[in-house]
Amino acid sequence: MSNFDQLHFDFYHSNYTIDDQEEGYNSHGSSGNVCGSRKTQTGEQPPAGPFAPSEMTLYSQSYTGQILQPTYSPDTPSDLSYADGFDEEPPLLEELGINFEHIWQKTLTVLNPMKPADGSIMNETDLTGPMVFCLALGATLLLAGKVHFGYVYGVSATGCLAIHALLNLMSVSGVSRGCVASVLGYCLLPMVILSSSSVVLSLQGILGTFLALFIVGWCSFSASKIFTSALAMEGQQLLIAYPCALLYGLFALLTVF
């Protein structure tokens, strides 16, 4: 057994000790640190000069802004341009074709038949005032106990088509359907006054007949004046006033009877 133990001891015995292992490990770690420090130094100091890559030059520049707050550059677009663009846009009512100043001027032109009409304003497709006056006429007839909304819109549409065809035959430049509907609708305002008076007074008499004839003449005279000024049809006002009087006579019959 002693020979076997000696053989076992000789087989596992070596000159490699723990101290040598620690020393070798330390020397290897020191050499690794040296290499690591050299790599770090070389990484912190990128090559500068004309041969340096552009990406490394960009990354080496310091960032002076704050988080989520980049520095201001005069080359970048500003929000002021967008604000100026919104300020320069026209109002919404003007984009929709609703101009209260023109509506007021057209209403005054109809209420004052002796006032000269502005052809540039009257030759517009403005249906805001006509729609309001048609609704007012139907509402005042309803207050008088007459449900004539369908008759009002039916007579208005038929009359606009008939007078549009007549004016295109008489005028040189021609006229659009929107312009005809706008003028006839604005000149319906005196008829609204007649229907409002029918709520209080009875128009089935001599006074009502004269009042209805006066209102029909008022509406037809205003419409013919506006058409002659807008379409440059001087000397043809009476020819235009006659079909307009027939149209407004139908509205007067609806109001009186």
Side-chain angles (χ1 to χ4, degrees), residues 100-119 121-124 126-160 162-164 166-167 178-231 233 237-257:
F100 289 105
E101 183 179 358
H102 289 183
I103 292 173
W104 179 247
Q105 290 181 4
K106 292 177 182 180
T107 304
L108 291 179
T109 304
V110 173
L111 292 177
N112 187 9
M114 301 303 172
K115 180 182 178 181
D118 190 358
I121 296 177
M122 294 301 172
N123 197 7
E124 293 179 353
D126 177 22
L127 298 179
T128 305
M131 292 297 294
V132 173
F133 295 152
C134 286
L135 289 174
L137 179 61
T140 50
L141 290 176
L142 184 63
L143 292 176
K146 303 173 183 178
V147 185
H148 292 333
F149 282 99
Y151 291 105
V152 170
Y153 286 109
V155 171
S156 300
T158 306
C160 288
I163 293 180
H164 172 260
L166 181 62
L167 290 177
C179 179
V180 174
S182 177
V183 173
L184 294 178
Y186 274 103
C187 294
L188 196 63
L189 178 59
M191 196 61 61
V192 177
I193 299 174
L194 179 64
S195 62
S196 300
S197 62
S198 66
V199 179
V200 181
L201 303 175
S202 177
L203 300 179
Q204 297 181 2
I206 299 176
L207 180 61
T209 303
F210 280 106
L211 184 60
L213 291 176
F214 174 76
I215 294 296
V216 169
W218 186 358
C219 294
S220 59
F221 182 78
S222 299
S224 60
K225 178 190 66 175
I226 294 173
F227 280 130
T228 54
S229 61
L231 302 177
M233 300 174 62
Q237 185 174 358
L238 292 178
L239 295 177
I240 301 173
Y242 176 69
C244 291
L246 294 178
L247 175 62
Y248 291 113
L250 294 177
F251 289 109
L253 291 175
L254 291 176
T255 304
V256 174
F257 300 102

Are [X] and [Y] side-chain neighbours, meaning at least one heavy-atom pair lies under 4.5 Å?
X	Y	answer
Leu142	Phe149	yes
Thr209	Gln204	no
Phe221	Val216	no
Phe251	Leu194	no
Pro130	Leu184	no

Short question: side chain of [X], backbone of [Y] - any donor-acceptor pair under 3.5 Å?
X	Y	answer
Ser182	Gly178	no
Lys225	Lys115	yes
Lys146	Thr255	yes
Trp218	Cys187	no
Ser198	Ser195	yes
Tyr186	Thr109	no
Ser220	Gly217	yes

Can you measure from [atom1] ([X]) to [atom2] ([Y]) and round to the nearest 0.5 angstrom?
X	Y	atom1	atom2	result
Cys244	Gln237	SG	CD	10.0 Å
Ile193	Phe214	CD1	CZ	9.0 Å
Ser156	Leu137	OG	CG	8.0 Å
Ser224	Ile163	OG	CD1	10.5 Å
His102	Thr128	NE2	OG1	12.5 Å

After noting the C-alpha distance and the side-chain angles of Leu188 and Cys219, does the key distance pass the side-chain contact (heavy atoms from CB on, under 4.5 Å) rule?
-> CA-CA 6 Å; Leu188 196 63; Cys219 294; 5.9 Å; no

Start with the C-alpha gap between Met233 and Leu239, add the side-chain angles, then the distance that decides, and say whether side-chain contact (heavy atoms from CB on, under 4.5 Å) holds.
-> CA-CA 10 Å; Met233 300 174 62; Leu239 295 177; over 6 Å; no

Neighbour count above 12 (heavy atom, 6.0 Å) for [X] [atom1]:
X	atom1	result
Tyr242	OH	no
Leu253	CG	yes
Leu207	CG	no
Ile206	CD1	no

Taking the inter-plane angle between the rings of His148 and Tyr151 on a 0 to 90° scale, is it parallel (under 30°), tilted (30 to 60°) or perpendicular (over 60°)?
->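 Correct class here is perpendicular.
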
Begin from the C-alpha positions of Val152 and Leu141 and carry the test side-chain contact (heavy atoms from CB on, under 4.5 Å) through to its verdict.
-> CA-CA 10 Å; Val152 170; Leu141 290 176; 4.2 Å; yes

